[in-house]
Protein chains: 2
Amino acid sequence: MINILVIEDDISIREIINYNLSSKFSVLIADNAEEGLEICQEKKIDLILLDWMLPGMSGLSFLRTIKKRDLTSSIPVIFITAKHEEEDKLAGFTSGADDYLSKPFSHKELMARVEAVIRRTYPEKFSKTLNYKDISVDLQSHKVFRSKAEIKLSPKEFDLLKHFLISPKQVFSREQLLDKIWGLDSDLEIRTVDVHIRRLRKAINLEGFSELIRTVRSTGYSLD
Amino acid sequence: MINILVIEDDISIREIINYNLSSKFSVLIADNAEEGLEICQEKKIDLILLDWMLPGMSGLSFLRTIKKRDLTSSIPVIFITAKHEEEDKLAGFTSGADDYLSKPFSHKELMARVEAVIRRTYPEKFSKTLNYKDISVDLQSHKVFRSKAEIKLSPKEFDLLKHFLISPKQVFSREQLLDKIWGLDSDLEIRTVDVHIRRLRKAINLEGFSELIRTVRSTGYSLD
DNA sequence: ATTAAATATTACAAATTTATTACCAAAATA
DNA sequence: TATTTTGGTAATAAATTTGTAATATTTAAT
């Protein structure tokens with residue numbers, strides 16, 4: 001889980017940010033720089049959203065402090081500025097990893113910036129491939145391989161295989177699969193799952209390769 | 001990796017430079033010219049950032065020394081000067097490869113100068129062209145080639161292709177492409193992307209060349 | 001061996017998704 | 001301003017995927 005520290009004195013902006021980010025990340029709040037520094041010390045913070053204009057200790061001195069300390073120096077920072085004009089001043093202090101966001105910002109902008117910085121800084125956290133035995137699914141390119149051979153799957157087949165790969169060996173009932181792959185509100189024949197399993201099997205069981213999907217009678221299916 | 005030697009006595013400027021450059025380059029620091037000379041001898045330096053006003057050995061004599069020695073004579077130098085006026089005096093000593101930077105400078109300026117000098121001096125290490133398979137995009141001249149054949153693209157087609165070339169094989173959803181190419185706040189039909197993909201395909205799929213843009217059904221497109 | 005229940009297989013029509021085209025508006029260029 | 005190029009939309013065609021139902025096969029218990 002990614003921990004984001006938000007340092008912002010304006011309660012309404014704080015709440016907007018918290019509301020938007022907390023669906024995907026764990027959010028910590030500080031309403032001044034001193035409190036922010038304390039939190040940085042106590043918890044492992046992955047990203048800081050920093051209001052550039054703070055009462056008391058300024059954003060600039062906060063930045064200097066965390067960049068000086070080894071433990072915190074590599075945490076990326078997104079600056080929240082009031083106007084576009086500020087960007088020039090900021091320019092001198094930001095590193096390549098950092099970014100800024102001008103008020104007012106939309107949900108889309110906020111999320112895009114945060115996600116971009118996180119992807120850039122922690123590429124390894126966004127695991128790109130799922131592997132099990134000789135099968136691998138590359139989530140970035142959406143490609144599936146059995147050993148070296150590429151396998152073409154339809155969207156539902158891909159989702160199904162991906163779901164199995166997240167928890168290999170676990171048996172999923174047909175109901176569970178319908179809920180997860182098709183959505184809770186889908187209203188399909190339960191036997192539809194059988195047909196899709198059949199299609200997935202046909203696609204991945206290339207000549208000379210072993211069966212990967214196990215039928216657990218009266219229970220469901222698993223990747224095994 | 002590019003090694004940059006920074007010779008600067010002012011600790012705060014040194015830190016700003018180090019902070020900014022270290023995200024992209026390997027940075028070595030000297031706080032006087034003598035130390036700088038030593039480092040030049042020991043390590044392979046690709047670029048020197050030299051403060052023109054140094055205590056002890058001056059920037060000028062440092063420059064003369066390294067230009068005299070074979071091993072170091074072709075290292076490009078960016079001079080850091082206090083005022084714009086200095087530029088005239090400098091002009092007499094700089095070679096075509098060199099450049100200067102006046103204090104105070106922004107992150108943007110610093111990076112732009114450094115990258116420009118490096119591109120100029122080591123075009124092979126830092127080419128401004130994107131390549132994938134037989135397609136290449138020159139970002140400087142905005143020219144696109146399929147093998148040897150030049151391809152003419154409209155602005156949107158160019159942006160689209162460029163975006164694909166930055167992350168080949170990665171699948172982008174139509175939403176992502178709209179956000180990246182058209183901007184977060186654009187309010188366009190999602191199917192507009194299809195039409196542009198079609199146009200780009202038509203433009204780059206010259207007779208006898210393979211399809212480069214892959215459709216990933218229900219997901220998006222990728223360069224592949 | 002018989003039987004009932006569960007699963008596998010198949011074929012087909014419907015639904016979904018993408019490709020292609022033409023057209024008009026907007027923007028760039030001469 | 002006139003002309004050309006580019007860009008966005010909607011309509012239609014084409015392709016692929018999906019859900020279902022019917023039938024066959026397998027499994028396990030008696």
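Computed from a predicted model, the values in this text were never measured in an experiment. Numbers restart at 1 for each chain; the letters A, B, ... are given by sequence-line order, proteins then strands.
A distance of 7.0 Å separates CG in Leu63(A) from CG in Leu50(A), rounded to the nearest 0.5 Å. How far CD of Gln170(B) is from CG of Leu223(B): 11.5 Å, rounded to the nearest 0.5 Å.
At distances below 3.5 Å, not a single donor-acceptor pair connects side-chain atoms of Arg174(A) with backbone N or O atoms of Ile190(A).
Contact between the side-chain N/O atoms of Arg198(A) and the OP1/OP2 oxygens of dT10(C) is found at a separation under 4.0 Å. Side-chain N/O atoms of Arg174(A) include one lying less than 4.0 angstrom from OP1 or OP2 on dT7(C). A close approach under 4.0 Å does not occur between any side-chain nitrogen or oxygen of Trp182(B) and OP1 or OP2 of dG7(D). Contact annotation: Thr215(B) reaches the phosphate of dA19(C) (side-chain N/O to OP1 or OP2, under 4.0 Å). OP1 or OP2 of dA19(C) lies within a sub-4.0 Å distance of a side-chain N or O belonging to Tyr221(B).
dT10(C) atom P lies 14 Å from atom CG of Asp194(A), rounded to whole Å. A straight line from CG of Leu177(A) to P of dT18(D) spans 15 Å, rounded to a whole angstrom. Atom P of nucleotide dT17(C) and atom CG of Asp159(A) are separated by 12 Å, given to the nearest angstrom. Put simply, CD1 on Ile213(B) is 12 Å from P on dT20(C), counting in whole angstrom units. The CD-C1' distance, from Glu211(A) to dA8(C), rounds to 12 Å in whole Å. The distance between atom CD1 of Ile181(A) and atom P of dT18(D), rounded to the nearest whole Å, is 11 Å. Look at CG on Leu178(B): it is 14 Å from P on dG7(D), rounded to the nearest Å. Straight-line distance from the CZ atom of Arg191(A) to the P atom of dT10(C): 17 Å, rounded to whole Å.
Between Leu188(A) and His196(B), it is His196(B) whose nearest contact on DNA chain D lies nearer the 5' terminus. Between Thr219(A) and Val216(B), the residue anchored closer to the 5' end of DNA chain C is Thr219(A), taking for each the nucleotide with the nearest heavy atom. Map Glu157(A) and Ser154(B) each onto its nearest nucleotide of DNA chain D; the residue landing nearer the 5' end is Ser154(B).
Residue Arg201(A) is classed as a sugar-phosphate contact, given heavy-atom separations below 4.0 Å to backbone atoms only.
No more than 12 heavy atoms of other residues, nucleotides or ligands lie within 6.0 Å of OH in Tyr19(A), so this atom counts as exposed by the packing criterion.
Note on ring orientation: taking the six-membered ring where Trp is involved, the planes of His142(A) and Phe158(A) are parallel (angle under 30°, cut-offs 30° and 60°).
Candidate nucleotides dT9(C), dT9(D), dT7(C) were compared by shortest atom distance to the side chain of Val195(B), and dT9(D) ranks first. For Glu189(A), the side-chain atoms get nearest to dA21(D) when compared with the rest of dT6(D), dT18(C), dA21(D). Comparing atom distances between the Arg217(A) side chain and each of dA28(D), dT9(C), dT18(D) picks out dA28(D) as nearest. For Arg199(A), taking side-chain heavy atoms from C-beta onward, the closest of the listed nucleotides dT18(D), dG8(D), dT21(C) is dT18(D).
Between Lys143(A) and Asp224(B) there is a salt bridge, with a side-chain nitrogen of the basic residue lying less than 4.0 Å from a carboxylate oxygen of the acidic one.
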